[in-house]
Structure formats: structure tokens, C-alpha cells
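Protein chains get the first letters and strands the later ones, always in sequence-line order, with residue 1 at the start of each.
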Amino acid sequence: MVKLLEIRDGVKTKNNVFSYTSDNIIREGDTLVVFESGDNIKQIVMKRNQTFQNKFGAFPHNDIIDKLQFGTKMYSKTMMGWVYILRPNSHIYTSSLAQRTQILYTPDISQVLFRLELRPGFRVVESGTGSGSLSVSIMKAIVPTGHLFTYEFNQVRSQRAIEDFQRLGFYPQNVHVTHRDVLNNGFLLKDESTGEFLVNENTIDAIFLDLPSPEKAVPHAYKVLKRGGKLCNFSPCIEQVQKAVQEMARQGFYEIKTYETLSKDFSSSHHNYQSFKQQVKPTIVTEENGNKQQDNLGDTNTGNLNKRQLKQKDKGMLVTAPKIESRGHTGFLTFAIKF
Amino acid sequence: MLRKIKHFKAMVDLGQLIGKEYGQFFEVRDSKSGELIEVTDVHQLTNQFLEDVDFGDAEENEEVKEIIDPVAGRDNRDYVDDNKSQKLSHEEIEALKKQGMSGNELIQQLVQNSETFSKRTKFSQEKYLRKKKQKYQITFQLKKPTALELCNVYSQTQPAKIMGLRADSLALLLNMANINQESRVILLDKTKGLLTGALIEKDVREILHVEFTGHQLKLQNEIFLEYNYKPDKVKRIQYLHHTNLDQSIVQSDSLLNAIIQTKTKHYNSMIMVHEDFNQVEMYNHIEHLIQPSASIAVFSLYIQSLAELKDHLLTNKKAVNIKIEELWTREYQVLPMRTHPNMNMHGASGFILSAVKVE
RNA sequence: GCCCGUCUAGCUCAGUGGUAGAGCGCCAGACUUUUAAUCUGGUGGUCGAGGGUUCGAUCCCCUCGGUGGGCG
């Protein structure tokens, strides 16, 4: 459900999934995120008379719509547990996305947005669309006046992308989704009804490629980019990067730079480094009395405390360590500028 | 503002750049007078080796064979570094420069008079030329002062001025804070305006910059001024000293007054890049102005302070999806038979905490 | 009828920020209360079965089976 939000700088602005509302209330048709725990985040669309369910029980949409704010805690009907209801931000959107393909994740997306220097009003080309993870972040950066032209060679995926972008409030005013094999057919695009060029030569501010043979798309990219326009290519394999980089140099791109960005996650916890003098001596049974006795070394009086009491007395040192399951290699990002 | 700058060994009068387009390259025709000519051939800026030798059949290429097969080729086994391979003397080179010889012509002279140049591999020749170009064919580009460019410049020259916030971390910080054209941002930072400028670049709606240093507002904004923003953009920024959050009348701006007096949870993004004070304390001082479900992003060179903040947010159930991460970014040299990571740039990259506020 | 979990060690488990962590069992040593108890140390793991998808690196999907919960 797309609502007119306001008129700003003479441009009609429409609500999208990231839009600000001062009352912060959840409405019917909103896409929201249910946060159960760090590795259990789900996207749902608010529809009357529907119910979300998880291990804690049922969460009726009717109890949310027009009643709850984003960012609040909600208990299940059985009161067995609770979840947090969040407004999607770009990181959470990406990590709760329904994946149809391998997708770009937040660290790479951030580099793409920043090094392409995307800003409101930009005309951007992207291929392939994939699951739309990057597309949504690009659109977030260029609305309300900018436009994304995204190309996908799989018919089903391009259709699903349109449905997603419409639900999120970006389609049709901020994005064109085109079903096309750009390696063979390039990026030039005409409006079907008027015959006017939507994407013409030297009209695009930035272009992003995520394709099997990127070098074949580089000449097409050069054609539609403006002078000074920026190109970014994502490829998982170094051989793809080499071919693409060479083609960029031959076409007339400069400042060709290739990066790999890895993100290392850290966990933190409390660890109690006790004094070795506070250890409890093992239980000793003596023949004389047959009784169990405890004997403590040193002048400590914490030896009688159990583990829980010790924990409450002193949480210990706050320690951090890298998580082993951090994501490894994703791909190489190459940036270049059209001369 | 007209002034001269020193670039490598040349003095350049910036006045001659007025009216030129951003992105243009210039070659210093004469390092004494600072006379400039526009670069019109992109291939002057790129690596010839990369353009000439195909990756696919690189191993079959005669010149590459020399690199990978020392028997067939040229290597430095017989090379003695006696500093005599250049036949032109220092005086002769200076004389050629005085005659007004162009950088390009001078480099050709150096190549012709080098005993070792022809014995070098193609790859090494390219590297030799690049070094000489830096000396005798000085080129530079006229760039627009953007967040990316300013961040790169300061990272290389004065990283402490921007709290060690490198481009890759700044990129993640802005994305984690969910910055977009509708954002209302509360900003606690000591980056001298780098961040404020980056937010204006994203065309955010409002910025409230809360200052904690001293007893009254005193801006440290020198980098912000370098963005050259027009006044209508600057209007979106409100600067406030933290003591003003407790006062009844803070500003002439009535909207901001209302927000502060009624303690409205108005802001939907919070960014902190601040090492001077306790981060938990600073957060607690402004959290009543943050909207539930707002995006929180904090950068710090040290993980300990972020761990404290995370612990505070977690145990008091103030936020979810809390994450502390460190970015490792490497640049790669990509050339036929010569692809490898550059010296790693992930020495002290800093850490980023991201979270979503809840109630 | 529909929805949501879960399945790894011989067995049984693992927390609203702890799924390569454990307990039981088993083995060894010490000890004494000796068809065994106690203590100490050790042993044991690649994830229910099958298929598919992504150019590609899986926090991807589907079907089937065991099992637990929820809604109507």
C-alpha cells in the first residue's frame, strides 16, 4: 500500500519500507521484521486476520496493526514467550531476505554504495537483479528523484523482483525491472509506449555488474555511463576479475581498483579470573570421625559461595573474542571511472 | 580562494583551474612556472602492460615467458647495483629540463640512455616508467570534495583528525545507521565535520549534533567547511551542547525546542564516533530522543569500549541485533601473472557496533 | 485442516544473544567401602534421508521420515 507522504523540493515523495513516520505506528500492508534472536529474523507483511507463529505460539496481526509501534516487545497469545517487532533497516532487510540466489551482504553493499558515491537523484544501472538485496539498498540511496534500471536474465526472478519492489514501495516510481540478457544485448532501453530512450548513451551516473562473464558487459557499461560515471563489478573468482579489469583498461576506464572486504564478528562475555588461592579443597573423609569436612586455603571467605553466588558477586572481566563462524570470502569488488 | 599548492616537486597556481570540470586530469608542463596542460589520452593514466598482455594466454606471451622462465628470459642474476646504468649525468638531465623538454620526451631520453632498461622484463619496464613519470611527468586530477575523497585524504595524511575512521569503516557505519534521504540523525562525533558532511551528502532530513566537550558549544568543524556546502543544506544541521538538553529554551528553532522539552523520541538514526568520554554515559544522555526501532551505529578504534556499550544495551534490554565487527579490506594488484594483494591495509581498522533500539 | 520448531557422539540433552559444548555410558589410573563406590584422567562428532537452486563463495529452497509445539 503506497501512500502519498508529502511534497518536498517540488517532488512528490512516496512511502517506502524505510520511510520515517513520526508516530512510528505499524499499519496494514507494512513489511516488518520479527526478531526472535540473533540468528532468527523473519520478514512478514501485515495483513488483517492473519497470524504469525513460532515456537512461542501465535502472534495475531490484528493485535499489531494500528496498535503497536515499531521497536516494541510483543508476547504470544499463550504468553510462552515474546518477540521484538522492528522496522526493517538495510542490514536487517538483507539478513531476513527470501533468497532466490546467492546475495550480496551488508559489508559488500556498504562498500558499493559508498565508493560509487550514490546519492538522491542518481540514475543507476544494475545487472543481474538476483534476489534484489543490493537493488533495495541502491534505491534507498537514490530516492526520491533517482531511478534504478535493473536487468535480470531469468524471467521468474525479474517478475519476483517487481513484486518485492512494489510491496516495499519502490515500484514503479523508482525502478525499472527489465528481463534481458545484457551480455548480448547491452543496457540501452526504450519506453515501450512512447519509444523514448529511458537508458541512452552517456546518461547513467553509476553502474553495478554481478554477472558470469563481466568482461562482456564492460563495453556496454562504458556506452551508457556519463563521463566521470563510476563502474563497480562484483565477482567471486579472481580470473573473472582479471578479464574484467583488462577490459576496463582497454575501454578507457581509469582509477581501476580492486578490493576484497572481509568482516570479522566478535562475541563478548564475562569471564571470571579467580584467585588460585580461592580454590575449594576436595572433600576429605577421615577415618577418625567419618565426617566430611571442607578445608579452605588462605584467608578467603568466598570458598563457601556456590557458582551462582560467585557470579552475582563479581561478573568478572568483560572479554571479547572473534567468532569462528564469521563469513569468509564473498567476492572481489572492482571500481573504475569512465574517462 | 586563489592560492598555490605544492604537488610533488611542482608549484601550481590554482587560479588556472577555475572554470575547469571536476574529474579532469592535468600534467604539469613546467614544474617551475606551474604551467598546466590537460590530459586527453586515458591510456596515459593506465598500465600499458595490463592493456597489452592477455590474461588468457599470458603464459604463451613472449614477454611474459621471460618473467616466469628465467632460463629463456631476463632476470637480475647478472645485475650489479653500481648506480652507473644511467649514462646521462645529473647535470645533463637538469640541462634538458632547462631547455624546456617535456616530461614525456625526457623520460624517452632516460630510457634510451639506460643500459639496463632493455634488459628488464616488460613488467619491470612498466614499473620503471611509472617511477619516472612520478618524477618528470607530474599529473594530478581535479576532484570534488566528497566524503569518500576527504576520508581517503585524511586517512593517508592525518588519520587522527578523523578518529582513524577509514573509508571502508565509514561506508559500513553509514549503512548500519540506515542513512537515507528521510533520516533524522542524532550525531555524537569528533571527526571535525567529516561525518556531518557525509550525512549532508546523503541528503538526510535533519541532523542534531550533540557536543560533549567543555561547558558550552564550541564547534570543531574544519573538515566540514571543505565540503563547500550551500547554506540551504547547512540549515539542516542543529548544533547543541549536552547541557542544553536539560534547559527549557535551547534554540530559536521551535521544532527542536519542542522535541527537547517534551523529550520526543524523534531521531531514527544514531551515530557515535567519540573516544573522549564514556560511551555508555553519552548514549544514556541522549537515548530519550531516539525512536524505538532506530538504527544505532558506533565506531571505535578500541573494542573494549564497544563491548561495554554492547553489554549495557544487552543487559538493560535497550537494543537487539547487536553486533561488533571489524572490517578487513585489502586492495589487489591485478595484472597478468602478477595478481596479488597489496601490502595489507588492515592494520588498525577499528571496530563497529551496530544495533536496533527497542523498548 | 493449517502454521511453526527440531533431528549431529552408543544413549540423552544444550538457555530470548553459548550447538565442536556437555552428561550418562565406556576405558584407564588412584583409593577403599572390592560382583562395587568415589576421585582423577581419557574415549567418543562432520550434523535425519533424498533431491534441487545460485555464474559463484551458502545464514538458500523443496519432498519424505522421526519428533515436539501452536492456531482453528
Task: Anti versus syn assignment for C:U54, with syn defined as within 90° of 0 - done: anti
- [ ] Remember a base hit wins even if backbone is also touched, and classify A:Thr51 as base, sugar-phosphate or nothing at under 4.0 Å, heavy atoms.
- [x] nothing
Task: Distance between C1' atoms of C:A28 and C:G21 (Å, rounded) - done: 24 Å
TODO: Look at all strands and tell whether A:Thr78 reaches a base, only sugar-phosphate, or nothing, counting heavy atoms closer than 4.0 Å.
DONE: sugar-phosphate
Open item on the list: Mind checking if A:Tyr84 touches a base, just sugar-phosphate, or nothing, with heavy atoms under 4.0 Å?
Closed with: nothing
Task: Row check, A:Tyr222 ring normal vs A:Arg250 NZ/CZ: under 6.0 Å, within 45° - done: no
- [ ] Have a look at B:Asn321 and say if it touches a base, only the backbone sugar-phosphate, or nothing, with a 4.0 Å heavy-atom cut-off.
- [x] base
- [ ] Indicate, with a heavy-atom threshold strictly under 4.0 Å, whether A:Lys73 touches base, sugar-phosphate, or nothing.
- [x] nothing
- [ ] Just label C:A36 as syn or anti from its O4'-C1'-N9-C4 or O4'-C1'-N1-C2 angle, using within 90° of 0 for syn.
- [x] anti
Open item on the list: For A:Tyr259 together with A:Phe332, are the ring centres under 6.0 Å from each other?
Closed with: no
- [ ] Just name whichever nucleotide pairs with C:G17, Watson-Crick or G-U, keeping both distances under 3.5 Å, else none.
- [x] none
- [ ] Please determine, for C:A49, whether a Watson-Crick or G-U wobble partner exists with both distances under 3.5 Å, and give it or none.
- [x] C:U63
Task: G-U wobble or Watson-Crick pairing nucleotide for C:C71 (cut-off 3.5 Å, both distances) - done: C:G1
Open item on the list: A side-chain contact here means heavy atoms from C-beta on lying under 4.5 Å apart; do A:Asp164 and A:Arg100 qualify?
Closed with: yes
- [ ] Confirm from the modelled atom types if A:Gln240 and C:C55 form a donor-acceptor pair under 3.5 Å, side chain to base only.
- [x] yes
TODO: Just call it for A:Gly57: base, sugar-phosphate, or nothing, with non-hydrogen atoms closer than 4.0 Å on any strand.
DONE: sugar-phosphate
- [ ] Could you please name the partner base of C:C39, counting Watson-Crick and G-U wobble pairs only when both distances are under 3.5 Å?
- [x] C:G29
Task: Watson-Crick or G-U wobble partner of C:U34, both distances under 3.5 Å - done: none
TODO: Whole angstrom is fine here: how far is it from CG in A:Asp265 over to C1' in C:G17?
DONE: 12 Å
Open item on the list: Could you check whether B:Lys318 pairs with B:Glu287 (Lys NZ or Arg NE/NH1/NH2 to Asp/Glu carboxylate O, under 4.0 Å)?
Closed with: yes
Task: Assigned partner base of C:U12, Watson-Crick or wobble definition, under 3.5 Å - done: C:A22
TODO: Taking the six-membered ring for Trp and the full ring for Phe, Tyr or His, determine whether the centres of A:Phe187 and A:Phe149 are under 6.0 Å apart.
DONE: no
Task: Euclidean distance for P, C:C4 against C:G42 (whole angstrom) - done: 45 Å
Open item on the list: Please classify the nucleic acid contact of A:Asn54 as base, sugar-phosphate, or nothing, using heavy-atom distances under 4.0 Å.
Closed with: sugar-phosphate
Open item on the list: Base, sugar-phosphate or nothing for A:Phe59? Non-hydrogen atoms, less than 4.0 Å.
Closed with: nothing
